[in-house]
Amino acid sequence: VQLQASGGGLVQPGSSLRLSCAASGFALDKYALGWFRQAPGKEREAVSYIDNSDGSTYYADSVKGRFTISRDNAKNLVYLQMNSLRSEDTAVYYCAADRWPLTIRDLKRVESWTYWGQGTLVTVSS
């Protein structure tokens with residue numbers, strides 16, 4: 001069972017990026033999926049979540065209205081579309097998966113998630 005995140009890079013403020021997370025060894029449509037990020041010197045924080053039971057989503061306040069999480073079950077991929085990027089979005093972004101739906105409280109906790117991708121670096125700088 002593996003998750004592989006990709007799509008990071010160096011972009012200017014105001015730009016867009018789309019991160020992808022590919023799963024191997026399991027079908028993503030049966031899993032709750034999340035994106036986290038970790039900036040230098042900071043703790044890993046939950047950015048977004050999509051539920052596997054009803055498709056409901058969660059976004060951190062700092063990204064609400066700018067980021068969109070989605071899944072393509074046919075391709076076994078989950079995406080994070082990031083628009084209007086800011087310097088404070090600079091971080092390593094990780095995808096995560098868990099077999100069971102998570103509450104808002106639990107999805108924010110790193111220890112709630114069973115599977116993690118390796119991370120992809122997003123740098124927003126002029």
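Numbering starts at 1 and runs along the sequence shown.
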Shortest non-hydrogen contact between [X] and [Y], atoms and distance:
X: Leu28; Y: Cys21; value: CD1-O, 4.1 Å
X: Gly119; Y: Val92; value: CA-CG1, 3.8 Å
X: Ile69; Y: Trp35; value: CD1-CD1, 3.7 Å
X: Gly8; Y: Leu19; value: N-CD2, 3.6 Å
X: Val124; Y: Arg86; value: CB-O, 3.2 Å
X: Ala46; Y: Ala60; value: O-CB, 3.6 Å

**Request:** Indicate the ring-plane relationship of Tyr93 and Phe67, choosing parallel, tilted or perpendicular according to the 30° and 60° boundaries.
**Result:**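 Ring orientation of Tyr93 relative to Phe67: tilted.
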Can you find a heavy atom in the side chain of [X] that is under 4.5 Å from one in the side chain of [Y]?
X: Ser70; Y: Ile50; value: no
X: Leu3; Y: Tyr94; value: no
X: Arg71; Y: Leu33; value: yes

Report yes or no: does [X] contribute a side-chain atom to a donor-acceptor pair with the main-chain N or O of [Y] at less than 3.5 Å?
X: Arg37; Y: Glu45; value: no
X: Asn76; Y: Ser24; value: no
X: Asn52; Y: Asp29; value: no
X: Gln4; Y: Gln118; value: no
X: Ser112; Y: Asp106; value: yes

Report yes or no: do [X] and [Y] belong to one cluster of Ile/Leu/Val/Met/Phe/Trp/Tyr joined by side chain heavy-atom distances under 4.5 Å?
X: Val63; Y: Tyr49; value: no
X: Tyr115; Y: Leu80; value: yes
X: Tyr31; Y: Leu77; value: no
X: Tyr79; Y: Val122; value: no

**Prompt:** Taking atom CD1 of Ile104 and atom OG of Ser56, what is their separation to the nearest 0.5 Å?
**Reply:**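 Reported value, rounded in 0.5 Å steps: 8.0 Å.
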**Item:** Point-to-point distance, once rounded to the nearest 0.5 Å, from CG of Leu10 to OG of Ser126
**Value:**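 Reported value, rounded in 0.5 Å steps: 10.0 Å.
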**Message:** Please determine whether side-chain contact (heavy atoms from CB on, under 4.5 Å) holds for the pair Val110 and Trp116, giving the CA-CA distance in whole Å, both sets of side-chain angles, and the decisive distance to 0.1 Å.
**Reply:** CA-CA 10 Å; Val110 170; Trp116 288 89; 3.6 Å; yes
**Request:** Could you give me the CA-CA distance, side-chain angles and deciding distance for Arg66 and Met82, then say whether side-chain contact (heavy atoms from CB on, under 4.5 Å) is met?
**Result:** CA-CA 6 Å; Arg66 300 187 297 122; Met82 306 186 296; over 6 Å; no
**Request:** I would like to know whether Lys108 and Tyr58 meet side-chain contact (heavy atoms from CB on, under 4.5 Å); could you show each step before the answer?
**Result:** CA-CA 10 Å; Lys108 297 177 184 179; Tyr58 160 87; 3.2 Å; yes
**Prompt:** Is the NZ or CZ atom of Arg44 positioned over Phe36's six-membered ring, under 6.0 angstrom from the centre and within 45° of the axis?
**Reply:**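 Pair Arg44/Phe36 does not count as cation-pi.
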**Message:** Is it the case that atom CD in Glu43 sees more than 12 heavy atoms from other parts of the structure closer than 6.0 Å?
**Reply:**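 No, the 6.0 Å shell around CD holds no more than 12 heavy atoms from other groups.
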